[in-house]
Engineer: 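So that we are looking at the same thing, I have put the structure below in structure tokens.
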Amino acid sequence: MSEPTTVLHGIGVAPGIVIARALVFQHQEIPFFRVPLLRQEVKLEVARVEQGKELTKTQLSAIKARTVAALGEDHGYIIDAQMLMLDDPLLIGRIEEVIREQRVNAEWAVKVTLEELASVFDRVRDDYLRERHGDIFDVAGRLARNIAGATHHALEKLEKDYILLAENVRPSDTAQLDWDHTAGLAMEVGSRTYHTAIIARSLGIPCVVGVGDLMQKVDHGAPLVLDGSEGIIVVNPDRATLREYRTKKRRQKVRVQKLERLRELPFETKDGYRLSVQANIEFPEECTTAKSNGAEGIGLFRSEWFLTRSPGAFPTEEEQFVVYRQLAKQMKPWAVVVRAFDLSAEQLDEDMGESEPNPALGLRATRLLLKHRDLFKDQLRALLRARAHGDLKVMFPMISGVGEFREALSVVEESKQELRKSGVQFGDDLPCGITLEVPSAAATADLLAKEAAFFSIGTNDLIQYLIGVDRGNDQVSYLYEPLHPAVLRTLRFVVDSAHDAGIKVGMCGEMAADPLLVALLVGFGFDELSMNAVSIPTVKNIIRHLSASESRAIGDEALRLATVKEVSAFLGEELRKLVLSET
Ligand code: PEP
Ligand code: MG
């Protein structure tokens, strides 16, 4: 009798459908045991840690070389980050301290240190930062195994295509995987921004993460269907399910092939209205995916990446300069917009965050940078220097009005003065724009437009502040309405204000990637749309079927409607007409 069909749900982080068998990937357990030491044995035990550290570094260098060979230069930094952790006193220094203070063996000291670090990470409220503890556990696990002299697992060359299942494919595992035969990937842990999810996305491997009890529910070799768009895994699919997914897969392939043919064509409506569509990136290596999806530049680089790469350690001017220069070079001839650090007080200093009752309305983003001018200037000097090497721009998040924007500009001027004084080469003409996401800025867009080089509307935040609805709160998510007439009126006013002042206006919030809204945004007159790279081909396809004049009429009509329901039904009907006219 055949096994029963089960459906498992997770988060789809890399699109596509795969039908293949399961390959279950297990980590070797870390050998944690406690041995009390005599005083004279302590020195020897510390030396074992140092030896383990050196061996770990050698292994990581080899893994880095393999990672770069298999996945490209851009992915090497993941291993660099782990090597840096090995030099961090919080890890090795603390392990050695525990050996000395508690007179215990090195393996046990690793365990104690990891537990301490885990409790620190658990208290961090930022999801992204919290997730970085995976990297520390990865490197510490390797270190513990090296201290104990255990061997490391490695995935041998696979013979067939499999769907790889794991509790967690850690960043350093990725170099040992046979990606050529990994048709799909599913993990119990992870989110969209987990390193392994990003790698899967950039390699085009359908991936589902956050699947609870995956390892208990699926046996090695079980037949599976994995849908990376919907975040679904079907275990032991029956014939009807297989038929359904084979059809979906075929349709998807045709769609992708059709979109690929568009890659070289411009983002232009039928009547010649030219837009620029760009990519939002959270990691420098996403430039590859941005370019392969046809992005005309980076419309938003969330520079907080520096802090997630090495939590707690603020990047130096030099470190930032190297990354910004590289980004600008990589994206030539297109521009790269770097958003100044959009950090909360908690991300900068945990204790400060604790005292803020309303972090979303608190000391964050540009407000925080204006309080920490040294950090702000390090970033600005790095950007000004990198501007000499490519088309780089900066925008300031959460600006609330002209006064605050002028203050930010005055720090740019101070940074220029400093660079001038030290005789360092820099680009004097760095365009300074505004991430428009606070209602008070939107209401004064006409005044701001006279002073800013460009606007980029951050609708993710603008909607939450405009409607007064926490973007992360499930209880009120039904009120988070991009099509609320208040949002539409605000967008239109900001676009018109920008154009009256002769500056360009873009959108970098998630709204920009919604197929239903493309006609509306074209109709409102947006110059630029920036979105996750994988949405770009679909949006391009819609743009190329639109007419700018008809879109303007759609925009005008949408503004006359009173409720979200009416706007949504109207735009749905317009999109349906467009799809029908295409077929
Ligand atoms: C936004 O607010 O729309 C935006 C793009 O920024 P983030 O999602 O990082 O707040
Ligand atoms: Mg924002």
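One-based numbering, in listed order, for ligands and for the atoms of each. Side chains are part of it too, since the values below use all heavy atoms of this structure and drop only hydrogens, waters and symmetry mates. Remember, predicted model here, so these are calculated numbers, not experimental data. Each residue takes its place number in the sequence, starting with 1.
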Engineer: Are the side chains of Cys432 and Val394 in touch, meaning some heavy atoms are under 4.5 Å apart?
Structural biologist: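 SC-SC contact between Cys432 and Val394 confirmed.
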
Engineer: Under a 4.0 Å N-O cut-off, is there an ion pair linking Glu407 with Arg373?
Structural biologist: yes

Engineer: For ligand 1, which atoms sit closer than 4.0 Å to a heavy atom of Gly458?
Structural biologist: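 Near Gly458, meaning under 4.0 Å from one of its heavy atoms, ligand 1 has 1 (C), 2 (O), 3 (O).
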
Engineer: Pull out every atom of ligand 1 sitting under 4.0 Å from any heavy atom of Glu437, numbered as shown with elements.
Structural biologist: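 This gives 1 (C), 2 (O) as the contact atoms.
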
Engineer: Would you mind running through ligand 1 and noting each atom that sits below 4.0 Å from a heavy atom of Asp461?
Structural biologist: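 In order of numbering, the contacting atoms are 1 (C), 2 (O), 3 (O), 10 (O).
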
Engineer: Does any non-hydrogen side-chain atom of Ile543 lie less than 4.5 Å from one of Val277?
Structural biologist: yes

Engineer: Under a 3.5 Å cutoff, is there a donor and acceptor pairing between the side chains of Glu528 and Ser530?
Structural biologist: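 Ser530 and Glu528 do not have a side-chain donor-acceptor pair below 3.5 Å.
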
Engineer: Number of protein N/O/S atoms less than 2.8 Å from the Mg ion (ligand 2)?
Structural biologist: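 For the Mg ion (ligand 2), the figure is 2.
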
Engineer: Got a second to check how far Cys508's SG is from Asp461's CG, nearest 0.5 Å?
Structural biologist: 9.5 Å

Engineer: Under 4.0 Å, heavy-atom basis, I'd like to know which part of Thr459 is in contact with ligand 1: side chain, backbone, both or neither.
Structural biologist: backbone

Engineer: Side chain or backbone of Arg471 under 4.0 Å from ligand 1, or both, or neither, by non-hydrogen atoms?
Structural biologist: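 Only the side chain of Arg471 comes within reach of ligand 1.
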
Engineer: Answer yes when Arg339 and Glu304 have at least one side-chain N-carboxylate O distance shorter than 4.0 Å, and no when they do not.
Structural biologist: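 Counted as a salt bridge, because a side-chain N and a carboxylate O are separated by less than 4.0 Å.
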
Engineer: For Arg339, which part has a heavy atom under 4.0 Å from ligand 1: side chain, backbone, both, or neither?
Structural biologist: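 Just the side chain.
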
Engineer: Which atoms from ligand 1 have a heavy atom of Arg302 less than 4.0 Å away?
Structural biologist: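 With Arg302 as reference, the close atoms of ligand 1 come out as 4 (C), 5 (C), 6 (O), 7 (P), 8 (O), 9 (O).
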
Engineer: Verify whether one side chain among Glu404 and Thr366 offers a donor that lies under 3.5 Å from an acceptor in the other.
Structural biologist: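 Side-chain D/A pair, Glu404 to Thr366: absent.
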
Engineer: Return the closest protein heavy atom for atom 5 (C) of ligand 1 as residue, atom name and distance.
Structural biologist: Cys508 O, 3.4 Å

Engineer: Does the pair Arg385/Glu318 count as a salt bridge with the N-to-O cut at 4.0 Å?
Structural biologist: yes

Engineer: Between Phe396 and Phe376, does the ring centre distance come in under 6.0 Å?
Structural biologist: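 Centroid distance Phe396-Phe376: below 6.0 Å, so yes.
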
Engineer: Which atoms from ligand 1 have a heavy atom of Leu300 less than 4.0 Å away?
Structural biologist: 5 (C)

Engineer: Below 4.0 angstrom from a heavy atom of Gly509, which ligand 1 atoms are there? Numbered from 1 as shown, please.
Structural biologist: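 Selected atoms, number and element: 3 (O).
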
Engineer: Any non-hydrogen side-chain atom of Val494 less than 4.5 Å from a side-chain atom of Phe455?
Structural biologist: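 Touching, per the 4.5 Å side-chain cut-off.
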
Engineer: Can you tell me the protein heavy atom closest to atom 4 (C) of ligand 1 and the distance?
Structural biologist: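 In this structure, atom 4 (C) of ligand 1 has Asn460 ND2, 3.7 Å as its nearest protein heavy atom.
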
Engineer: Closer than 4.0 angstrom, basic N to acidic O: yes or no for Glu510 and Arg471?
Structural biologist: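 Between Arg471 and Glu510 there is no salt bridge, as every charged N stays at least 4.0 Å from the carboxylate O atoms.
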
